[in-house]
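Before any comments, here is the structure.
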Amino acid sequence: MNGSAQTLSESQIQRIARALADPQRFSILARIAAEREVACKQLVADFAITQATISHHLKELVAADLIQSRRVGQCAMLSRRDQVLEEYIRQLTATLLPSVAGEPTGGPFIPPECE
């Protein structure tokens, strides 16, 4: 997803959800999101997991389009993808909390067996 904000596809929403479901991966994303850019080497120092595991988690976050990487010599600098995160949150809100997103709801769902 490049350029201006776009609606995420269903498959991209699922990729993001799977990426965020892993607690370590979520923590790594939160660490990256806390700064403008974070060096990959810094993540290895910050987390009590191997460099190979960090690399695997980063690969999943890149595949979900949640982070981007740029090279500075031998160092990878990582940053969050603001537009993707914002659109993911917008679409989740519109789907799961339509009244918060400004869409009317039909009231609470009451299963027939409870009426």
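Just so it is clear, the values below take in all heavy atoms, side chains as well, and ignore hydrogens, waters and symmetry mates. Here the structure is a predicted model, which is why all the values come from computation and not from measurement.
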Less than 4.5 Å apart, side chain to side chain, heavy atoms only: is that true for Arg80 and Gln68? no

Nearest heavy atoms of Arg25 and Asp22, plus distance in Å: N-OD1, 2.9 Å

Salt-bridge criterion met for Glu60 and Arg15 (N-O under 4.0 Å): no

Got a sec, which hydrophobics cluster with Val72, joining ILVMFWY side chains under 4.5 Å apart, including via others? Met77

Validation row: Gln51, Ser55 side chains within 4.5 angstrom (heavy atoms): yes

Less than 4.5 Å apart, side chain to side chain, heavy atoms only: is that true for Arg90 and Thr7? yes

Do we see a donor-acceptor contact under 3.5 Å between the side chains of Gln91 and Thr95? no

Measure the OG-CD distance between Ser79 and Glu35 for me, rounded to the nearest 0.5 Å. 11.5 Å

Glu37 side chain reached by Leu78 side chain, heavy atoms, under 4.5 Å: no

Within-4.5 Å side-chain heavy-atom neighbours: Leu58 and Ile32: yes

Sorted by chain and number, sequence neighbours left out, salt bridge (Lys or Arg N to Asp or Glu O under 4.0 Å) with Glu86 holds for none

Side chains of Val84 and Gln12 in contact at under 4.5 Å (non-hydrogen atoms): yes

Can you tell if the side chain of Phe47 reaches within under 4.5 Å of the side chain of His57, non-hydrogen atoms only? no

Do Leu20 and Tyr88 have side chains that get closer than 4.5 Å, going by heavy atoms? yes

